[in-house]
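The next block holds one structure in the form of structure tokens; read it before the comments.
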Amino acid sequence: MKRTEIKEALRSINYGSEINVKGWVRSRRGNKNVSFIALNDGSTIKNIQIVVDLEKITEEQLKLVTTGACISATGILVESMGKGQAVEIQATDIEVYGTADPLTYPLQKKGHTMEYLREVAHLRPRTNTFGAILRIRHNMAIAIHTYFHEHGYFYFHTPLITASDCEGAGQMFQVTTKNLYNLKKDENGQIDYSDDFFGKMAALTVSGQLEGELGAMALGKIYTFGPTFRAENSNTPRHLAEFWMIEPEVAFIQKEELMDLEEDFLKYCVRWALEKCADDLQFLNDMFDKTLIARLQSVIDTEFVRLPYTEGINILQEAIKNGRKFEFPCNWGDDLASEHERYLVEEHFDKPVIMTDYPKEIKAFYMKLNEDNKTVQGTDVLFPAIGEIIGGSVREEDYDKLMAEIERRQIPMKDMWWYLDTRRYGSAPHAGFGLGFERLMLFVTGMQNIRDVIPFPRTPKSAEF
RNA sequence: GCUUCCUUAGCUCAGUCGGUUAGAGCAUCUGACUGUUAAUCAGGGGGUCCUAGGUUCAAGUCCUAGAGGGAGCGCCA
């Protein structure tokens with residue numbers, strides 16, 4: 001008999017018809033006469049109730065139907081006699097596909113901490129919480145592709161292995177086929193990469209931006225969406241060693257249009273979640289964060305603040321003058337600490353902030369220099385609770401200015417001739433941003449730790465599963 | 001990487017001033033109950049108190065080192 005997904009079965013009104021569902025048992029309860037199985041197949045956060053008459057199905061058979069077991073249940077779809085669900089299935093046959101020994105199965109019906117579930121990450125997708133998170137994660141990926149596709153962007157695949165060492169976004173994981181027990185070194189004691197797989201030092205990418213710019217200089221509007229790797233020893237609830245990043249790059253736009261894009265894009269994703277993940281968001285709202293849905297709604301209803309760095313510093317210094325205490329100083333030229341960002345976003349404005357025009361010393365070499373010669377056209381989006389969710393900028397398209405900055409910073413560009421060629425041949429004004437996918441997930445799900453919004457998190461000292 | 005906290009039953013956690021046989025809730029098992037909603041009720045089993053040293057008549061408890069985990073900070077997305 002053809003299997004019906006539980007999501008569909010719960011919507012059906014074909015009372016009296018025979019139906020088959022397959023899934024994993026969440027719980028079973030009952031008495032000598034009747035037993036109730038809560039069954040979930042991942043198609044929805046909701047379970048379907050299988051009612052088992054013990055005169056029809058033996059206790060011997062039912063013994064194997066424990067929390068975590070996988071079963072196929074056939075029966076008659078009926079209006080529920082009990083409260084709590086509209087429909088249920090009066091079972092006529094139950095086949096056990098796979099048992100789950102209650103003595104060793106790590107998931108129980110009740111109370112697990114997020115920390116514990118990380119230790120059983122291979123099974124945690126079977127929990128309500130992770131089912132919800134993973135369905136939302138899928139939806140956010142589809143929302144992102146849909147947004148860019150509908151706006152005329154092309155999905156551009158940038159390499160995961162790179163030989164350019166100057167992306168400046170942090171420590172890289174090296175990629176080599178060399179025998180690490182017997183490294184060939186030259187007369188200066190340097191490792192000789194000439195016989196390595198790529199003939200030079202290679203690493204996993206920390207950003208697809210530089211290659212993305214090449215795409216934008218031909219296709220006009222592109223975006224990347226792929227895994228990104230940082231070997232930084234970051235131990236926080238907001239960092240992963242392997243994460244997914246979205247990086248649109250757009251020719252012929254300026255700062256205002258870049259900010260419009262950042263804001264419109266984020267609102268589109270949040271709106272998508274509210275519209276397409278209502279059940280899952282409601283669960284997360286009920287179980288973890290009673291203000292989640294209201295917070296998501298407020299983001300799409302509100303206009304983001306657009307705040308030049310210099311004005312931000314003025315606001316912070318005014319606050320300090322009025323007695324607000326911060327751990328770190330914030331004078332013009334300093335990078336803002338988390339506490340400063342949070343003050344602006346959560347206390348002063350109480351809404352998302354796009355901060356612009358940062359001192360050039362605290363930003364990357366490729367950002368477009370303003371006429372004041374002191375600030376660059378960065379456009380970072382700061383969100384409540386998350387902090388920086390987007391890092392964006394207008395790019396410096398002038399070859400001489402870009403080279404001057406590269407030389408001033410002594411960035412090794414000998415392997416980067418191809419990037420500089422974008423400014424030598426048909427250079428164009430352009431801009432783009434990077435969005436950490438899991439940071440978006442943190443915001444949309446209300447989860448507190450980034451390790452809980454990706455199926456198998458990689459962090460320092462942790463690469464199980 | 002820095003700071004700080006935590007580690008006791010399958011899970012979540014109590015455990016007083018260092019003192020007899022280490023407890024609870026949930027889970028699990030057994031039994032009861034004619035429709036339950038994380039069912040309820042009764043009973044049973046279940047412990048390398050993270051590891052290694054040390055102090056002490058006596059250590060889950062105090063000290064030292066280590067391991068694992070969380071949080072804050074830094075770096076960043």
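This is a predicted model, so every value here is computed, not measured. So you know, we letter chains A, B, ... as the sequences are listed, proteins then strands, and number each from 1.
Spacing between atom CZ of A/Arg26 and atom C1' of B/rA27 amounts to 17 Å, rounded to whole angstrom units. Rounded to a whole Å, the CG atom of A/Leu442 is 19 Å from the P atom of B/rC76. With rounding to whole Å, A/Phe243 atom CZ is found 16 Å from B/rC75 atom P. Rounded to whole angstrom, the span from the CG atom of A/Leu39 across to the P atom of B/rA38 amounts to 16 Å. A/Arg29 has its CZ atom 18 Å from the P atom of B/rU34, to the nearest Å. Remark: P of B/rC76 and CD of A/Glu232 are 8 Å apart, rounded to the nearest angstrom. Nucleotide B/rC76 holds its C1' atom 19 Å from the CZ atom of A/Phe437, rounded to whole Å. In this entry the distance linking NE2 of A/His340 with C1' of B/rG74 reads 13 Å, nearest Å.
Here the side chain of A/Lys109 is nearest to one of B/rG35, B/rA38, B/rC76, namely B/rA38. Comparing B/rC76, B/rU34, B/rG35 by their nearest atom to the side chain of A/Asn33 picks out B/rU34.
In terms of position along RNA chain B, the nucleotide closest to A/Thr113 lies nearer the 5' end than the nucleotide closest to the other residue of the pair A/Gly391 and A/Thr113. Summary of the strand contacts: A/Gln90 and A/Thr67 both lie near RNA chain B, and taking for each the nucleotide with the nearest heavy atom, the more 5' one is attributed to A/Thr67.
Side chain to side chain, A/Asn139 and A/Trp272 meet the donor-acceptor criterion of an N or O pair below 3.5 Å. With no hydrogens or angles considered, no side-chain donor-acceptor pair links A/Thr228 and A/Arg230 at under 3.5 Å. No hydrogens or angles considered: a donor-acceptor pair under 3.5 Å links the side chains of A/His239 and A/Thr236. Using a 3.5 Å distance cut-off with no hydrogens or angles, the side chains of A/Ser27 and A/Lys109 do not pair a donor with an acceptor. In the model, A/Glu213 has a side-chain atom that pairs as donor or acceptor with a side-chain atom of A/Tyr419 under 3.5 Å. When only modelled atom types and interatomic distance are considered, A/Arg238 and A/Asn449 share no side-chain donor-acceptor pair under 3.5 Å. A/Glu211 and A/Thr158 share no donor-acceptor pair across their side chains, judged by distance under 3.5 Å alone. Judged by distance alone, the side chains of A/Thr310 and A/Asp357 never bring a donor and an acceptor atom under 3.5 Å apart.
Interface remark: the A/Gln108 side chain does not form any donor-acceptor pair with the B/rU28 base, using a distance-only criterion of under 3.5 Å. The base of B/rU36 lies close enough to the side chain of A/Gln85 for a donor and an acceptor atom to sit less than 3.5 Å apart. No hydrogens or angles were tested; on distance alone, nothing pairs the side chain of A/His112 with the base of B/rC11 as donor and acceptor under 3.5 Å.
Distance check on atom C1': B/rU16 versus B/rC75 gives 44 Å, rounded to whole Å. The P atoms of B/rG60 and B/rU7 are separated by 15 Å, rounded to the nearest whole Å. Rounded to whole Å, the separation between the C1' atoms of B/rG45 and B/rG54 comes to 37 Å. Atom P of B/rU28 sits at a distance of 15 Å from the matching atom of B/rA38, rounded to the whole Å. Using atom P as the reference point in both B/rG46 and B/rG35, the two lie 33 Å apart (nearest Å). To the nearest whole angstrom, the two C1' atoms, one in B/rU30 and one in B/rG69, are 37 Å apart. Comparing the C1' positions of B/rU55 and B/rU61 gives a spacing of 13 Å, expressed to the nearest Å. Distance noted for atom C1' between B/rA67 and B/rG74: 24 Å (whole Å).
Other residues, nucleotides and ligands contribute only 12 or fewer heavy atoms inside 6.0 Å of the CD atom of A/Gln448. For A/Lys7, the NZ atom counts as loosely surrounded, since its 6.0 Å shell holds 12 or fewer non-hydrogen atoms of other residues, nucleotides or ligands. For A/Glu347, the CD atom sits in a packed shell: over 12 heavy atoms of surrounding residues, nucleotides or ligands are nearer than 6.0 Å.
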- Message: Generate the contact string for nucleotides 67-73 of chain B. Rules: B means base contact, S means sugar-phosphate contact only, - means no protein heavy atom under 4.0 Å.
- Response: --SSSSB
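Across all strands, A/Glu88 comes closer than 4.0 Å to base atoms (heavy-atom distances). Counting any heavy atom pair closer than 4.0 Å across all strands shown, A/Glu438 reaches no nucleic acid atom. Counting non-hydrogen atoms under 4.0 angstrom, A/Met245 reaches the backbone sugars and phosphates but no base. Residue-level contact check: A/Leu240 touches the bases, meaning some heavy atom is under 4.0 Å from a base atom. Among the atoms of the strands shown, base atoms are found under 4.0 Å from some heavy atom of A/Gly30.
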Each nucleotide N or O in nucleotides 41-51 of chain B that has a protein N or O under 3.5 Å away: list the pair and distance.
none

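With the 3.5 Å cutoff on both pairing distances, Watson-Crick and G-U pairs in RNA chain B assemble into runs of at least 3 at B:1-7 with B:67-73, B:10-13 with B:23-26, B:28-32 with B:40-44, B:50-54 with B:62-66.
An OP1 or OP2 oxygen of B/rA38 is reached within less than 4.0 angstrom by no side-chain nitrogen or oxygen of A/Ser27. Applying the 4.0 Å criterion to OP1 and OP2 of B/rG1, one finds that A/Asn233 has a side-chain N or O inside that range. Note on A/Lys32: a side-chain N or O is less than 4.0 Å away from OP1 or OP2 of B/rC33.
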All N/O donor-acceptor pairs, side-chain side in residues 375-387 of chain A, below 3.5 Å, sequence neighbours left out:
{"unit_1": "A/Thr375", "atom_1": "OG1", "unit_2": "A/Asn370", "atom_2": "ND2", "d": "2.9"}
{"unit_1": "A/Thr375", "atom_1": "OG1", "unit_2": "A/Asp372", "atom_2": "OD1", "d": "3.2"}
{"unit_1": "A/Thr375", "atom_1": "OG1", "unit_2": "A/Asp372", "atom_2": "OD2", "d": "2.7"}
{"unit_1": "A/Gln377", "atom_1": "NE2", "unit_2": "A/Asn370", "atom_2": "OD1", "d": "2.9"}
{"unit_1": "A/Thr379", "atom_1": "OG1", "unit_2": "A/Glu262", "atom_2": "OE2", "d": "2.8"}
{"unit_1": "A/Asp380", "atom_1": "OD1", "unit_2": "A/Gly392", "atom_2": "N", "d": "3.3"}
{"unit_1": "A/Asp380", "atom_1": "OD2", "unit_2": "A/Tyr358", "atom_2": "OH", "d": "3.4"}
{"unit_1": "A/Asp380", "atom_1": "OD2", "unit_2": "A/Lys363", "atom_2": "NZ", "d": "2.6"}

Residues 454-465 of chain A, side-chain donor-acceptor partners within the protein, below 3.5 Å, at least two apart:
{"unit_1": "A/Arg458", "atom_1": "NH1", "unit_2": "A/Glu464", "atom_2": "O", "d": "3.0"}
{"unit_1": "A/Arg458", "atom_1": "NH2", "unit_2": "A/Phe465", "atom_2": "O", "d": "2.9"}

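With sequence neighbours left out, the salt bridge (charged side-chain N to carboxylate O under 4.0 Å, His left out) criterion links A/Arg451 to no other residue.
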